[in-house]
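The analysis underlying the following values was restricted to heavy atoms, covering all of them including side chains, and did not include hydrogens, waters or symmetry mates. Since this is a predicted model, take the numbers as computed values, not measurements. Throughout, a chain's letter reflects where its sequence line sits, starting with A, and its residues are numbered from 1.
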2 protein chains.
Amino acid sequence: MAAERDSEGLAAARPMLTDLYQATMALGYWRAGRARDPAEFELFFRRCPFGGAFALAAGLRDCLRFLRTFRLQDEDVQFLASVLPRDTDPAFFQDLRSLDCSAVTLRALPEGSLAFPGVPLLQVSGPLLLLQLLETPLLCLISYASLVATNAARFRLIAGPDKRLLELGLRRAQGPDGGLTASTYSYLGGFDSSSNVLAGQLRGVPVAGTLAHSFITSFSGCEVPSDPMLAPAVGESPGVDLAASVKLWLERVCACLGLGVQEPHPGERAAFVAYALAFPRAFQGLLDSYSVRRSGLPNFLAVALALGELGYRAVGVRLDSGDLLQQAQEIRGVFRTVAAQFQMPWLESVLIAVSNNIDEEELARLAQEGSEVDVIGIGTSVVTCPQQPSLGCVYKLVSVGGQPRMKLTEDPDKQTLPGSKAAFRLLASDGSLLLDLLQLAEEPPPQAGQDLRVWPRGAQEPCTVRPAQVEPLLQLWLQQGQLCEPLPSLTESRAFAQWSLSRLSPAHRQLQNPALYQVALSEKLRSLVDSLSSQGAP
Amino acid sequence: MAAERDSEGLAAARPMLTDLYQATMALGYWRAGRARDPAEFELFFRRCPFGGAFALAAGLRDCLRFLRTFRLQDEDVQFLASVLPRDTDPAFFQDLRSLDCSAVTLRALPEGSLAFPGVPLLQVSGPLLLLQLLETPLLCLISYASLVATNAARFRLIAGPDKRLLELGLRRAQGPDGGLTASTYSYLGGFDSSSNVLAGQLRGVPVAGTLAHSFITSFSGCEVPSDPMLAPAVGESPGVDLAASVKLWLERVCACLGLGVQEPHPGERAAFVAYALAFPRAFQGLLDSYSVRRSGLPNFLAVALALGELGYRAVGVRLDSGDLLQQAQEIRGVFRTVAAQFQMPWLESVLIAVSNNIDEEELARLAQEGSEVDVIGIGTSVVTCPQQPSLGCVYKLVSVGGQPRMKLTEDPDKQTLPGSKAAFRLLASDGSLLLDLLQLAEEPPPQAGQDLRVWPRGAQEPCTVRPAQVEPLLQLWLQQGQLCEPLPSLTESRAFAQWSLSRLSPAHRQLQNPALYQVALSEKLRSLVDSLSSQGAP
């Protein structure tokens, strides 16, 4: 966790961030003398989000931070006592005070792994009462992180590898930590950077951003710059008055573009000059405060050319309204004309950034072949996941006291798979993914090159596969409360996510109507399900 | 903020929870010598959420907490220095270190107020640089809080005043604080309680919850209860073996319901007994782990009757799958039969609670006349607001240096209203709401009983209204950084929200295709918009 610092504990979950029924059940277990019964829970989802055929696992780093610091404080226990029956045995609260995760073992999909329905993202084992209390925070930490990482991965698949994707959804998130989680895991899912400064500071996410309309409209053009002098980029020559130089360049630009020199807004130009004085090496213009063609663009060019004369290269422009694709084409055309006219060839390739309620459909348009858009800022639709704002993860008891447990219910969708399990990914000889296999932990792992009879979920018949490779999916992270290996950095997990996605076949990677990826049960697991179901289990 | 404690600062926003462009603009202002220019921003939304005609204002308490503690720490400033140009004047960072909100004045709609498009939820005035840095955190704190409060209010309108609404969405929220915000503001919007313990501890939200399927399935029925004895509710008589008593009662219940005594699941019954031993005064059964009719219901009744014999009254049952309305009717029928049979009349009115992906449509069904459902638990659809997962608030500069400012742009939807403003609600003599009026702060307030020419937004013609009452909308909360009056408690704001909604006409309160509520401009404000537009405004 190299780049992460979170000394103040913000953005960390706390033990009290749980549903009250976990505490009432805890008392129930305790009263029944079962608080320390060894148990195992699995956290998984039942359907892939957004109509796709995959999800990315994420949120593990937050879970590990939470588990390693889990401890009820005196004030927490006092609050619980205030909402539980008054005659509750004080020994129960005494036991709560001493709870920690030193007896918890955690296996999980590494962050950035492909995840499929029914395959555990987390397997948690430890004392029954404690694991029950962990349910809600673990669900809260995994569900949204995985959802937003998956959402971001879809945007990355649409955008292709070269467009820069900037997440700027903090203001649309569910409160402070919603924003921090969104920024962290949209980066993991494939975005390049975030506008969220705290995500940079606490999580090491690259941050980016320039200026908003309010900066532009705060200038009328009548302001007297306190110090308009700017020194050249290199060398010792004296500085020049940037505002005066911009004025001269504006005349030339307007002549070149066939505009009257009065048309570009003086306040917008003053704002650009002020920004250029602060960021001569990173000048960017926001073009649509007044009129892109008649004001924003000529003002930007005047400043960019004045900077160019001093040896600085403007970085880019941003558009936040209108037809973004079409304007980008026009602007690139103007850049080419002006670059040629004034012999500043670098101006041709100044970055064009766009934003304004971009969703998957609009992104596909902006990323199409021949598009002149370089940077795409996405807020609401990556952070709020409007196509499906929750992943619907569940956390289910699979064994207690070494005995498999299963929720039967009359709703077959809500049935669970019993027993402590292992999970494997089976691959063909060309490296393509065949299916994910769930089996009982006690079974020997599947062997590469050997025929295997498995039961695809939902199928009535078994099928036979012969994997060329077998990869275990669940990695041991915590053993009896001890971290077993260091967590990859966020950037490493991001690279792992892209690598994982690259192994998925195009038919499974497709965002609309994809082929479903198979998850299958071993014969032994299938028999256990059948026998428990017929017994009216457990 | 009586019931609120937040000693650890979790759930509070921090100054670094902002978009990077706020920091780059801050440097731009600073370099231009404009850091301390007096400015004013307004925070508002452009369209009501969910296709409705109203929103509830919420999040002010979090904004005040944020503003009053706003201070950049050394490590924050160091991080900003690491992402801003290396040659930035150190005096800029020195100035950032001394920033606080002692020069900030804040007016706002009280929490729980009706809010309409374009009417400011917040008006913030103070030094330009500082107000720019506040943009993102204020948006983050107001947008989601108001969205979820409005969403909760819609659920309350559908449910009617008598059904109990329980929010249980923590596991579906955007990370830890998303959950805390959701629980806080869905209570403000009209829910009765939350499952979220931390919301109870930090915000004083009433908490509720009983047991989940994992508790039930963790029991096989072979467990030996450590202490099955339960004393009667009153008096000094010796305790009885509850498990043994339940066994006897089960035979009678099964005979009464025409079921075989082997049919109800022994593990489920053991779980109910364990829960009843821990909560004899608050026993509830979750009925659908196996079969509601053949197992959950007879097991519940056996335990409830055994408790009843000891003078305890069971509180309720919960259903989490299947047709909730129909099952509730059947269960109530069984309660009536069994209550009569065993002469325990209180059993007739045991609460029936339901949950399972309940949205507005399903809630309308569950709340219909004659429904036997008493308590409705809603998670995902209140917390994630899937109908519209963001409110889209904006924060716009309206004046600087005492001069009005306006964003023109070519997209008329994105134009802003210039100038420092006041807002009033005009009412008819019967107390019904006529419209909200925006005017310049310098104008005298509208007078009750006098004709007034106003320009409804979007209309081409003015109209005349004669209000019988005039209510100022924006209240002064912070003056030069000092809190002007104590904030109402969350419970008071919740009551204010319900009162506010009750004043809205049925046509405006309607959730689908409502009549639009009018927001109008004074003639003076309208002229200012026109004159700035025609000048190509600063």
Side-chain angles (χ1 to χ4, degrees), chain A residues 13 16-21 24-25 27-28 31-33 79 83 136 139-140 144 170-179 181 195 197-198 201 207 209-215 217-218 220 225-226 267 274-275 277-278 288 290 321 380 384 386 389-390 397 400 405 407-409 411 414 538, chain B residues 13 16-21 24-25 27-28 31-33 79 83 136 139-140 144 170-179 181 195 197-198 201 207 209-215 217-218 220 225-226 274-275 277-278 288 290 321 380 384 386 389-390 397 400 405 407-411 414 538:
Chain A
M16 294 289 277
L17 192 86
T18 197
D19 292 312
L20 182 63
Y21 76 0
T24 55
M25 287 190 275
L27 176 56
R31 176 70 173 77
F79 181 78
V83 293
T136 311
L139 282 170
C140 182
Y144 177 63
L170 174 54
R171 63 190 63 194
R172 305 286 178 247
Q174 289 182 2
D177 186 68
T181 312
S195 68
V197 179
L198 196 63
Q201 187 183 16
V207 290
T210 53
L211 70 172
H213 296 106
S214 53
F215 188 82
T217 58
S218 81
S220 68
S226 57
Y275 197 83
L277 286 169
D288 62 347
Y290 303 102
S321 56
T380 312
T384 67
S390 80
L397 180 70
V400 64
R405 283 292 183 269
K407 179 181 159 200
L408 272 178
T409 151
D411 179 349
K414 290 194 154 189
Chain B
M16 294 290 277
L17 191 85
T18 196
D19 291 313
L20 182 63
Y21 76 0
T24 55
M25 287 189 276
L27 177 56
R31 176 68 172 78
F79 181 77
V83 294
T136 311
L139 282 170
C140 182
Y144 177 63
L170 174 54
R171 63 189 62 194
R172 305 285 180 247
Q174 290 183 2
D177 186 67
T181 312
S195 68
V197 180
L198 196 62
Q201 187 182 17
V207 291
T210 53
L211 71 172
H213 295 105
S214 53
F215 187 82
T217 58
S218 80
S220 68
S226 58
Y275 196 82
L277 286 168
D288 62 345
Y290 303 103
S321 55
T380 312
T384 68
S390 79
L397 181 69
V400 64
R405 286 291 185 269
K407 180 181 159 201
L408 271 178
T409 151
E410 287 163 330
D411 179 348
K414 290 195 154 190

Selection from B/Leu397, B/Thr18, B/Thr136 maximising heavy-atom pairs under 4.5 Å formed with chain A: B/Thr18

Interatomic spacing from CG in B/Leu20 to CG in A/Leu211 - rounded to 0.5 Å: 11.5 Å

Minimum side-chain heavy-atom gap B/Ser218-A/Met25 below 4.5 Å: no

Residue among B/Ser195, B/Gly209, B/Ala278 with most heavy-atom pairs under 4.5 Å to chain A: B/Ser195

Over all atoms of both residues, closest heavy-atom pair of B/Tyr275 and A/Thr24: OH-CB, 3.4 Å

Proximal component of B/Thr380, with respect to chain A [non-hydrogen, under 4.5 Å]: side chain

Nearest non-hydrogen partners of A/Gln201 and B/Phe79, listed with the distance: N-CZ, 3.4 Å

Contact winner vs chain B - A/Ala32, A/Ala212, A/Pro386, heavy-atom pairs under 4.5 Å: A/Ala212

Selection from B/Cys140, B/Gly33, B/Ser390 maximising heavy-atom pairs under 4.5 Å formed with chain A: B/Cys140

B/Val83, part contacting chain A, at a heavy-atom distance under 4.5 Å: side chain

Region of B/Val400 in contact with chain A, defined by heavy-atom distances below 4.5 Å: side chain

Residue A/Thr181 versus chain B: region with a heavy atom under 4.5 Å: side chain

Interatomic distance, B/Leu27 atom CG to A/Leu277 atom CG [nearest 0.5 angstrom]: 10.5 Å

Distance-minimising heavy-atom pair for A/Thr217 and B/Arg405: O-CD, 2.6 Å

Residue selection (most heavy-atom pairs with chain B, distance under 4.5 Å) from A/Val197, A/Val207, A/Thr384, A/Leu139: A/Val197

For chain A, the option from B/Gly179, B/Ser214, B/Ala274, B/Ala173 that forms the most heavy-atom pairs under 4.5 Å: B/Ser214

